Amino acid sequence: TQSTIDSGKTTTEEDKQDRTYDTRGRMLTSQILMTENGTGLSHSYTVSTSGITYNTLSQILQMTRTTIDGGKTTIEADKA
């Protein structure tokens, strides 16, 4: 869990499930609950990262990030 406070807004990132890694220690998947709180603000959403592939220098070639915010789902996909 990580928290950041900026101008009265507190943002907390909490793993919803254990991250997975390949045999070289590179992340493969994550699922994070993001919570933002402040004066007049109480907002939570989930960010999942998956489909990560790496090149021989361990740089990410492609990945998919899915954000679920209430009834809205946003999918960002990088393609090699």
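Every value quoted in this text rests on a predicted model; they were computed, and no experiment measured them.
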To the nearest 0.5 Å, atom CG of Asp6 lies from atom CD of Glu36 at 11.0 Å
Distance col, row Met63:CE vs Tyr54:OH, nearest 0.5 angstrom, shows 8.5 Å
Item checked: Min side-chain heavy-atom separation Thr66-Thr74 under 4.5 Å -> no
So CE of Met34 and OG1 of Thr46: to nearest 0.5 Å the spacing works out to 10.0 Å
To the nearest 0.5 Å, atom OG1 of Thr67 lies from atom CD1 of Ile75 at 9.5 Å
For this session: Say whether Ser50 and Thr29, considering side chains only, have a donor N or O and an acceptor N or O under 3.5 Å apart.
Result: no
Is the CG atom of Asn55 crowded by more than 12 outside heavy atoms at less than 6.0 Å?
yes
So OG1 of Thr4 and NZ of Lys9: to nearest 0.5 Å the spacing works out to 9.5 Å
Trace of the side-chain contact (heavy atoms from CB on, under 4.5 Å) decision for Ile32 with Asp15: CA-CA 4 Å; Ile32 298 172; Asp15 285 323; 3.7 Å; yes
inquiry  = For Ile60, is the CD1 atom crowded, meaning more than 12 foreign heavy atoms sit under 6.0 Å from it?
reply    = yes
Of Val47, Ile52, Thr49, Thr20, the one forming a side-chain contact (heavy atoms from CB on, under 4.5 Å) with Ser30 is Thr49
Answer with yes or no whether the side chains of His43 and Asn37 bring together a donor and an acceptor at under 3.5 Å. no
Evaluation steps, side-chain contact (heavy atoms from CB on, under 4.5 Å), between Ser44 and Leu33
CA-CA 7 Å; Ser44 296; Leu33 175 64; 4.2 Å; yes
dist Gln2:CD -> Glu13:CD (nearest 0.5 Å) comes out at 5.0 Å
